Visitor: 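What follows is a structure written as structure tokens; I'll ask about it next.
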2 protein chains.
Amino acid sequence: MSGPIRVLLADDEHLIRGAVAALLSYEDDLRVVAQAASGAEALAMARAHRPDVAVLDLQMPGGVDGVAVAAELRTVLPDCRTMIVTSHGRPGHLKRALAAGVRGFVPKTVSAQRLAVIIRSVHAGGRYVDPELAADAISAGDSPLTAREAEVLELAADGAPIGDVARRASLSPGTVRNYLSSATAKLSADNRHTAVRIARERGWL
Amino acid sequence: MSGPIRVLLADDEHLIRGAVAALLSYEDDLRVVAQAASGAEALAMARAHRPDVAVLDLQMPGGVDGVAVAAELRTVLPDCRTMIVTSHGRPGHLKRALAAGVRGFVPKTVSAQRLAVIIRSVHAGGRYVDPELAADAISAGDSPLTAREAEVLELAADGAPIGDVARRASLSPGTVRNYLSSATAKLSADNRHTAVRIARERGWL
DNA sequence: CGAAACCGATGACAGATGTCACTGCTGGGA
DNA sequence: TCCCAGCAGTGACATCTGTCATCGGTTTCG
């Protein structure tokens with residue numbers, strides 16, 4: 001009753017994008033109608049080709065990552081289902097993705113056949129989250145950090161001294177120290193640097 | 001006068017590995033004779049199938065990365081040319097790779113067609129290094145860090161306090177501080193944490 | 001041999017950092 | 001309404017860190 005599923009593929013790695021496109025083309029009911037190498041390009045392509053499903057790499061150059069694209073697509077093309085494919089499956093990414101309306105979240109370790117199956121499932125209105133990533137996300141739990149704590153920790157992530165962080169956050173150095181101290185305590189880390197690492201691992205940053 | 005080029009493909013991401021294998025199979029003179037999802041598996045496969053060219057992902061699970069595989073292959077299968085494919089092209093990786101006898105170093109942003117061309121070139125005895133990565137490596141230059149400085153910086157990379165680092169390095173805390181201080185100065189960083197970041201970026205860690 | 005570089009360590013010092021207590025202010029929620 | 005959590009700040013204190021000078025030992029190179 002309907003034509004093939006129209007797929008948008010976004011991945012900055014040409015080798016992978018092209019190769020996946022080739023493999024998916026073996027499936028009669030899937031058609032890759034557009035490809036993109038960055039988040040911005042993905043949005044432009046989506047507007048132009050109006051795909052049924054957008055398969056997005058999580059990390060792409062240019063600041064606009066897969067989740068951002070998904071969030072934008074939800075308003076621009078509400079009928080387009082989105083899914084994320086990624087190499088590094090941090091729990092927090094999964095949460096962000098689901099919050100952005102993403103319906104599929106899979107690691108790149110899956111085979112192309114499985115990917116095709118999942119694309120069909122997502123297109124049909126289903127959801128799919130890699131079981132292992134889901135387990136990680138559940139065990140990681142919710143972030144205990146308040147908004148400001150996370151914000152300040154983010155600004156301190158590059159290892160800059162507190163003075164710099166305070167200036168960038170437009171806060172008093174003392175306040176910054178307090179936030180970093182409480183964040184460090186909540187993550188039971190030795191100092192803010194390990195706190196950053198832990199928060200990153202948990203996907204809370 | 002000779003058969004197709006026998007290729008070993010090693011990448012932990014099944015999606016990519018399978019897809020690249022499929023694309024390379026379009027080339028009449030290339031044949032993917034073995035695939036591996038880890039460094040150890042790659043070595044086993046290489047021993048069993050004796051490929052002409054090994055295409056290795058830089059980062060693979062299990063401690064044995066692409067460069068380690070290449071180094072091992074040089075003694076086990078001296079006739080097998082090796083090349084590295086990677087997503088993150090840090091200058092230092094390139095150096096390590098070349099030192100390990102790798103003859104090709106390309107980012108995953110290349111197309112499959114180009115990869116095929118490069119495989120042929122490497123098999124014919126040529127070398128190929130991505131121009132952009134080469135430029136980065138040259139501009140990054142050699143590491144100014146001494147062996148101990150790099151070692152201590154590595155141990156301090158997780159943000160652990162100096163006492164821990166000293167214990168793990170079996171050094172006096174004072175000595176650790178001195179090494180970290182000189183390393184920080186050489187990298188003109190604010191503190192050891194940013195020094196770690198800079199060294200990582202340059203591939204000196 | 002002498003010089004230079006690296007390794008390992010100590011001591012001293014200033015400044016950065018982590019921790020705690022305490023003060024206001026604000027916006028919910030019971 | 002009161003109470004609590006979060007936000008923003010100050011002050012004080014102990015500790016950690018970064019920096020410097022200095023020492024003795026070793027390798028290596030000219």
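Here is the naming used below: chain letters follow the sequence lines, and residue numbers restart at 1 for every chain. A quick note: this is a predicted structure, and the numbers were derived from the prediction, not measured.
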Visitor: Looking at CG of A:L153 and OG1 of A:T184, how far apart are the two atoms once the value is rounded to the nearest 0.5 Å?
Guide: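 Between atom CG of A:L153 and atom OG1 of A:T184 there are 7.0 Å.
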Visitor: Is a side-chain donor-acceptor pair under 3.5 Å present for B:Y128 with B:R114?
Guide: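 On atom types as modelled, these side chains qualify, holding a pair under 3.5 Å.
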Visitor: Write down the distance between CG (B:N191) and P (C:dG18), rounded to a whole number of angstrom.
Guide: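 About 10 Å, once rounded to whole Å.
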Visitor: Whole Å only: how far is the CG atom of B:L180 from the P atom of C:dA16?
Guide: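 Taking CG of B:L180 and P of C:dA16, I get 18 Å after rounding.
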Visitor: Categorize A:L171 for me: base, sugar-phosphate, or nothing, with a 4.0 angstrom heavy-atom threshold over every strand shown.
Guide: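 A:L171: backbone/sugar contact only, no base atoms under 4.0 Å.
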Visitor: Are any of the side-chain nitrogens in A:R168 or A:E154 under 4.0 Å away from the carboxylate oxygens of its partner?
Guide: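 Looking at A:E154 together with A:R168, the answer is no, because their closest N to O distance does not fall below 4.0 Å.
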Visitor: What is the distance, rounded to the nearest whole Å, between atom CG of B:D190 and atom C1' of C:dG15?
Guide: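 So the CG-C1' distance, B:D190 to C:dG15, works out to 13 Å.
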Visitor: Would you classify A:S172 as touching base, sugar-phosphate or nothing, given that sugar-phosphate means primed atoms plus P, OP1 and OP2, and contacts are heavy atoms under 4.0 Å?
Guide: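 Result for A:S172 = sugar-phosphate.
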Visitor: Which residue lies toward the 5' end of DNA chain C, A:H193 or B:E149, if each is placed at its nearest nucleotide?
Guide: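 Whichever sits nearer the 5' end wins; that is B:E149.
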Visitor: Picking from C:dT17, D:dG18, D:dG6, which would you name as closest to the side chain of A:T146?
Guide: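 That would be D:dG6.
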Visitor: For B:D65, run the side chain to side chain donor-acceptor pair (under 3.5 Å) check against B:H93, B:Q59, B:R96 and tell me which one passes.
Guide: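 Going through the options one by one, the only one that passes is B:R96.
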Visitor: Does the distance from a Lys or Arg side-chain N to an Asp or Glu carboxylate O, for A:K95 and A:D142, drop under 4.0 Å?
Guide: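 Salt bridge present between A:K95 and A:D142.
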Visitor: Counting only side-chain nitrogens and oxygens, does A:T175 get under 4.0 Å of the OP1 or OP2 atom of D:dA8?
Guide: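 Answer no for this pair, as no side-chain N or O of A:T175 is under 4.0 Å from OP1 or OP2.
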Visitor: Check every strand shown and say whether B:A185 touches a base, only sugar-phosphate, or nothing at a heavy-atom separation below 4.0 Å.
Guide: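 No contact.
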Visitor: Could you tell me how far apart A:Y179 (OH) and C:dT19 (P) are, to the nearest whole angstrom?
Guide: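 These atoms are roughly 17 Å apart.
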Visitor: Between C1' on C:dA9 and CZ on B:R177, what's the gap in Å once rounded to a whole number?
Guide: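 Taking CZ of B:R177 and C1' of C:dA9, I get 11 Å after rounding.
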Visitor: Give B:N178 one of three labels, base, sugar-phosphate or nothing, depending on what nucleic acid heavy atoms sit under 4.0 Å from its own.
Guide: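 Answer is base: heavy atoms of B:N178 come under 4.0 Å of a base.
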Visitor: Round to the nearest Å and state the distance from B:D164 atom CG to D:dC16 atom P.
Guide: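 Computing the B:D164:CG to D:dC16:P distance gives 11 Å.
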Visitor: Any side-chain N or O of B:T184 under 4.0 Å from OP1/OP2 of D:dG18?
Guide: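 No, because none of the side-chain N or O atoms of B:T184 sits under 4.0 Å from OP1 or OP2 of D:dG18.
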Visitor: Judged by each residue's nearest nucleotide on DNA chain C, which is more toward the 5′ side, B:P173 or B:P144?
Guide: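 Nearer the 5' end of the strand: B:P144.
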Visitor: Measure the distance from CZ on A:R192 to P on D:dT17 and round it to the nearest whole Å.
Guide: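 My rounded result for the distance is 11 Å.
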Visitor: Under 4.0 Å, counting only non-hydrogen atoms across every strand here, what does B:R148 touch: a base, just sugar-phosphate, or nothing?
Guide: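 Since only primed, P, OP1 and OP2 atoms lie under 4.0 Å of B:R148, the category is sugar-phosphate.
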Visitor: What is the separation between atom NZ on A:K186 and atom C1' on C:dG18, rounded to the nearest whole Å?
Guide: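 Computing the A:K186:NZ to C:dG18:C1' distance gives 16 Å.
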